[in-house]
Amino acid sequence: MQFETIILGAGAAGMMCAAHAGAGTLVIDHAKAPGEKIRISGGGRCNFTNLYAGPENFISKNPHFCKSALSRYTQWDFIELVDRYGIAWHEKTLGQLFCDETAKDIVAMLVSELEAAGAALQLETTILGVSHDRTTFRVETEHAGTRRTLTAKNLVLATGGKSIPKMGATGLAYDIAEQFGLPLLPTRAGLVPFTFPDGRFKPLSGTALPVRASADGPAFEEALLLTHRGLSGPSMLQISSYWQEGQPIQIDLLPGTDVLGQLKARRQSDGRRQLRTVLGYLLPAKLADYLSVEWALKGNMADQSDKALEALAERLTEWDLRPAGTEGYRTAEVTLGGVDTEALSSKTMEAKTVPGLYVIGEAVDVTGWLGGFNFQWAWSSGWAAGTAIRNKV
Ligand SMILES: Cc1cc2nc3c(=O)[nH]c(=O)nc-3n(C[C@H](O)[C@H](O)[C@H](O)COP(=O)(O)OP(=O)(O)OC[C@H]3O[C@@H](n4cnc5c(N)ncnc54)[C@H](O)[C@@H]3O)c2cc1C
């Protein structure tokens with residue numbers, strides 16, 4: 001069976017690419033349904049883009065690589081598509097756009113777009129191997145017990161990263177890229193909760209508060225959630241993508257607050273109250289209790305010297321913690337690293353050394369922050385490859 005283009009992976013990037021590559025395109029996936037990650041994303045409402053998406057919201061060895069695709073297919077282009085399908089949406093916070101109803105609307109829209117463009121979907125198909133003879137790619141497949149060799153002029157790797165293997169994530173794109181000699185950067189889990197196996201935060205499980213956090217990268221002012229396994233919530237997921245094993249993380253528990261000023265004022269107004277009681281005025285009670293024990297905070301407010309209050313203010317604004325690890329690919333929203341952008345054209349996503357081979361989406365070493373940026377990369381990179389293929393044809 002011959003095709004113009006075969007796309008491996010019917011996820012966000014693969015379907016977007018198919019919708020633009022057009023007729024003669026086949027999208028293959030081993031899953032029962034296309035776009036499974038879209039379906040479960042954003043708590044079932046899909047945070048499909050971000051109003052403020054720009055290259056600064058992405059992590060990559062080459063921070064310039066994502067600029068071309070992001071600027072040619074922007075969040076406004078995707079919003080226009082969503083609007084055209086009458087899918088109602090709202091901004092939740094920080095420019096994050098979600099469907100009003102269900103993420104399934106986004107999946108249905110992409111399927112409809114790719115079908116309207118003349119592309120086809122083949123699900124529940126195992127990819128047994130890929131080869132290339134200079135002009136043609138051969139993809140060995142098995143579908144419903146039948147083995148078939150499919151051929152195409154163009155092959156697009158869109159099978160995503162390793163995050164959430166239970167949902168069908170595999171390292172196939174990396175394996176095929178490697179087979180074709182494309183360089184790979186080490187992969188690791190991103191947008192993932194931190195773990196503390198000693199269970200120190202178990203008693204605080206469910207406590208949430210706004211913080212400002214960092215880990216060898218930009219600081220994120222978002223919520224922190226303490227869990228029985230460790231630390232989660234948007235702020236922790238964001239900094240996990242910058243965190244390296246063994247490194248500390250810093251948390252400002254009272255961002256935007258003049259903590260020393262407040263403590264000194266409380267010394268005046270609540271001099272007879274215990275320091276740990278006053279800490280409970282500033283932080284959730286359970287966390288205040290935990291920190292009071294952890295930091296051995298003793299005495300009444302009136303007993304506290306300026307130096308003691310300065311030290312406490314510093315601790316509260318620079319809480320230094322060393323996570324043991326992360327929950328890994330089991331729960332990570334993304335995979336960092338992957339196919340080195342050096343090997344690809346930033347305009348078309350085509351491999352420089354293998355004409356006709358394209359890599360898009362999460363498989364590429366471009367990883368977005370939490371907040372709709374990863375889908376925007378999938379749409380933009382998928383569009384770039386799809387458009388380049390269509391123009392070539
Ligand atoms: C729980 C969760 C929630 C998320 N929420 C958001 C969000 O709200 N906003 C956001 O921007 N990002 C979110 N993300 C990240 C986002 O889902 C991904 O970045 C995005 O889907 C990547 O698109 P992709 O097309 O590259 O890969 P995917 O969408 O993962 O698609 C890859 C496709 O390839 C198929 N595949 C994989 N291996 C094989 C194989 N060996 N053979 C055949 N087929 C294969 C898979 O079945 C899948 O259909 C979330 C991720 C997770 C895990």
Side-chain angles (χ1 to χ4, degrees), residues 6-18 27-50 53 57-59 75 78 89 92 95-99 103 106-107 110-111 121-130 139-143 156-176 189-193 234 237 241 327-336 338-339 349 358-383 385-386:
I6 293 176
I7 300 175
L8 306 184
M15 286 198 282
M16 189 63 169
C17 181
V27 192
I28 308 175
D29 203 296
H30 62 176
K32 281 199 177 107
E36 280 294 89
K37 276 195 187 164
I38 302 173
R39 184 179 59 81
I40 61 147
S41 67
R45 292 239 165 100
C46 185
N47 177 195
F48 56 80
T49 192
N50 193 294
N57 307 116
F58 294 84
I59 303 166
Q75 56 271 47
F78 195 76
W89 51 268
K92 202 167 173 187
Q96 301 168 6
L97 303 191
F98 287 76
C99 299
I106 300 287
V107 179
L110 292 167
V111 172
L121 260 180
Q122 188 181 300
L123 301 168
E124 295 182 279
T125 301
T126 307
I127 296 155
L128 300 169
V130 170
V139 182
E140 308 294 336
T141 64
E142 186 175 326
H143 175 67
V156 183
L157 307 182
T159 53
K162 296 180 186 170
S163 316
I164 323 223
K166 258 193 178 166
M167 292 199 64
T170 68
L172 183 69
Y174 310 130
D175 297 342
I176 299 176
L191 300 182
V192 63
L237 301 189
S241 296
E327 290 183 8
Y329 293 123
R330 192 176 59 82
T331 63
E333 279 199 18
V334 282
T335 304
L336 291 142
V339 177
M349 311 302 292
Y358 297 77
V359 193
I360 57 175
E362 202 178 312
V364 181
D365 171 40
V366 173
T367 307
W369 291 356
L370 184 78
F373 302 103
N374 284 296
F375 278 137
Q376 187 57 46
W377 172 245
W379 316 137
S380 297
S381 60
W383 176 91

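Computed over heavy atoms, backbone and side chain alike; hydrogens, waters and symmetry mates excluded. Atoms within each ligand, like the ligands themselves, are counted from 1 in listed order.
Ser241 contributes no side-chain N or O that, together with a main-chain N or O of Gly190, makes up a donor-acceptor pair within less than 3.5 Å.
Checking only distances, Val334 never comes within under 3.5 Å of ligand 1, N or O to N or O. Annotation: Gly361 places no N or O atom under 3.5 Å from an N or O atom of ligand 1; distance criterion only. For ligand 1, the polar-atom distance check finds an N/O of Asp29 within less than 3.5 Å of one of the ligand's N/O atoms. The shortest N or O to N or O distance between Ala12 and ligand 1 is below 3.5 Å.
Here Asn47 has heavy atoms under 4.0 Å from ligand 1 in both its backbone and its side chain. By the criterion of a heavy-atom distance under 4.0 Å, both the backbone and the side chain of Asn374 are placed next to ligand 1. Contacts between Leu8 and ligand 1, counted as non-hydrogen atom pairs separated by less than 4.0 Å, are absent for every part of the residue. With a 4.0 Å cut-off on non-hydrogen atoms, Ala158 touches ligand 1 through its backbone and not its side chain. Residue-level proximity to ligand 1 for Phe48 is absent, since no heavy atom of it falls below 4.0 angstrom. At a 4.0 Å heavy-atom cut-off, ligand 1 touches Ile164 through the side chain alone.
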Self-check item: From CA spacing to verdict: side chain to side chain contact (heavy atoms under 4.5 Å, CB included), Lys92, Asn47
Solution: CA-CA 9 Å; Lys92 202 167 173 187; Asn47 177 195; over 6 Å; no

Practice problem: Just do the side chain to side chain contact (heavy atoms under 4.5 Å, CB included) check on Glu362 and Ser163 with the steps written out, would you? | Solution: CA-CA 10 Å; Glu362 202 178 312; Ser163 316; 3.6 Å; yes

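Judged as a ring-ring contact (aromatic ring centres under 6.0 Å, His included), and not counting sequence neighbours, Tyr174 has no contacts.
In summary, of the residues considered (Ile127, Thr170, Thr125, Leu172), a side chain to side chain contact (heavy atoms under 4.5 Å, CB included) with His30 occurs for Thr170 alone. With Leu8 as the partner, the side chain to side chain contact (heavy atoms under 4.5 Å, CB included) test is satisfied by one option alone out of Asp29, Val27, Val130: Val130.
Under the 30°/60° scheme for interplanar angles, the aromatic rings of Phe375 and Trp379 are found to lie parallel.
Interatomic distance, Phe78 CZ to Thr49 OG1, rounded to the nearest 0.5 Å: 7.5 Å. Here Lys37 contributes atom NZ and Asn374 contributes atom CG; the two are 9.5 Å apart, rounded to the nearest 0.5 Å.
Taking only non-hydrogen atoms, the option from Glu333, Lys32, Gln376 nearest to atom 2 (C) of ligand 1 is Glu333. Between Met16, His30, Met167, it is His30 that holds the heavy atom closest to atom 39 (C) of ligand 1.
Considering only non-hydrogen protein atoms, atom 31 (O) of ligand 1 sits nearest to Gly11 CA, 3.2 Å. Closest to atom 10 (C) of ligand 1 among all protein heavy atoms lies Phe375 CD1, 3.1 Å. Protein heavy atom nearest atom 19 (O) of ligand 1, with residue, atom name and distance: Glu362 OE1, 2.9 Å.
Atoms of ligand 1 found under 4.0 Å from any heavy atom of Gly9, numbered from 1 in the order shown, are 33 (C), 34 (O).
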